[in-house]
Amino acid sequence: MKPTGDTAADRPAESHRSGRAGWLRAAVLGADDGIVSTASLVLGVAAAAASPSTVLMAGVAGLVAGATSMAAGEYVSVSTQRDAEQADIARERRQLAADPDLEQAELTDIYVQRGLDRALAATVAGELMAADALGSHVRDELGLQPGRLARPLQAAAVSAVSFALGAALPLVLIALAPTGVRIPVTALGALALLALLGVLGARLGGARPGRAALRVTVGGGLAMGLTALIGQLVGATGF
């Protein structure tokens, strides 16, 4: 008779949101920056009494410049993180080759600090070292997941695309809104988009949507308000 008890093989794999952290951070940051910076830009230019074509031209220039800048910045920063991770992994590989006994003792100490008694910790360390010595040290000593190392190209692509999509929305609003109400329509539309983005990012990351929506909306509103005020002052003084 087959055992009826539930086993690990019978249970579906648990889904954890932390695996989304890299691309989710890049996507949310890119879209938020695209909405805020482009909406602020067009509102500032519009507040200076510029023509609709000038406002739209400034917004398109901001979209292109922002998307390429985000991609370059993400690639450089994530590449730096990746280089540091690879350097640590290479150092662990050299140390394992030079003195595996010392490395096994380090792994044992790690498990002791986590609550195992020393005898059991030594057994666990020996088993893991035999199965995958480098992987064990990468996970438990360095705190890295081999399959989740930094991905510069992914971060750059996600940031550029999300920025462009976020920036396109304020451009559509200010291009379609009547001239007399283009500023309030664009501002309110951008704030609504930011709130929606905050809720979406929170849902994907498993966080509280209300707090996330408030955070991005308040920050974006301050940026847009300040830029519009400066644009109005510049337009009034004729600089």
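Heavy-atom basis, side chains included; hydrogens, waters and symmetry copies ignored.
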**Message:** Pair F163, S37 - check side-chain contact (heavy atoms from CB on, under 4.5 Å), show working.
**Reply:** CA-CA 10 Å; F163 183 98; S37 62; 3.4 Å; yes
A side-chain contact here means heavy atoms from C-beta on lying under 4.5 Å apart; do [X] and [Y] qualify?
X: D101; Y: D99; value: yes
X: L197; Y: V216; value: no
X: V138; Y: E85; value: no

Is there a path of hydrophobic side-chain contacts, each under 4.5 Å between heavy atoms, that joins [X] and [Y]?
X: L102; Y: I110; answer: no
X: M129; Y: Y111; answer: yes
X: L128; Y: L142; answer: yes
X: L107; Y: V112; answer: no
X: L169; Y: L188; answer: no

Of the non-hydrogen atoms in [X] and [Y], which two are nearest, and what is the gap between them?
X: A213; Y: A195; value: CB-O, 3.6 Å
X: A190; Y: A39; value: CB-CB, 3.9 Å
X: P52; Y: T179; value: CG-OG1, 4.2 Å
X: A167; Y: P170; value: O-CD, 3.2 Å
X: L43; Y: I183; value: CD2-O, 3.5 Å

**Prompt:** Among pairs that include at least one residue of residues 45-54, which meet side chain to side chain donor-acceptor pair (under 3.5 Å), considering only residues two or more places apart or in two chains?
**Reply:** S51-S53, S51-T54
**Request:** Any pair with a residue in residues 209-227 that passes side chain to side chain donor-acceptor pair (under 3.5 Å), sequence neighbours left out, goes on the list, sorted by first then second residue, please.
**Result:** none
Gap separating the [atom1] atom of [X] from the [atom2] atom of [Y], nearest 0.5 angstrom:
X: M224; Y: T186; atom1: CE; atom2: OG1; value: 9.5 Å
X: M70; Y: D33; atom1: CE; atom2: CG; value: 5.0 Å
X: L153; Y: E74; atom1: CG; atom2: CD; value: 12.0 Å
X: D88; Y: D83; atom1: CG; atom2: CG; value: 11.0 Å
X: Q104; Y: L96; atom1: CD; atom2: CG; value: 10.5 Å
X: D132; Y: H137; atom1: CG; atom2: NE2; value: 10.0 Å

**Request:** List the steps and the verdict of side-chain contact (heavy atoms from CB on, under 4.5 Å) for L134 and R139.
**Result:** CA-CA 9 Å; L134 181 60; R139 288 189 301 270; over 6 Å; no
**Request:** Evaluate the side-chain contact (heavy atoms from CB on, under 4.5 Å) criterion for residues R182 and L173: first the C-alpha distance (whole Å), next the side-chain angles of each, then the deciding distance (0.1 Å), finally the verdict.
**Result:** CA-CA 8 Å; R182 60 183 180 177; L173 289 173; over 6 Å; no
**Message:** Please give the remaining members of the hydrophobic cluster of L41, linking ILVMFWY side chains under 4.5 Å, ordered by chain and number.
**Reply:** V42, V45, V55, L56, V60, L63, V64, L171, I174
**Request:** Evaluate whether atom CD of E106 has more than 12 neighbouring non-hydrogen atoms of other residues, nucleotides or ligands under 6.0 angstrom away.
**Result:**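 More than 12 within 6.0 Å, yes.
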**Prompt:** Are E141 and E103 close enough, and set up right, to give a side-chain contact (heavy atoms from CB on, under 4.5 Å), and what steps lead you there?
**Reply:** CA-CA 10 Å; E141 185 176 349; E103 292 301 301; 3.8 Å; yes
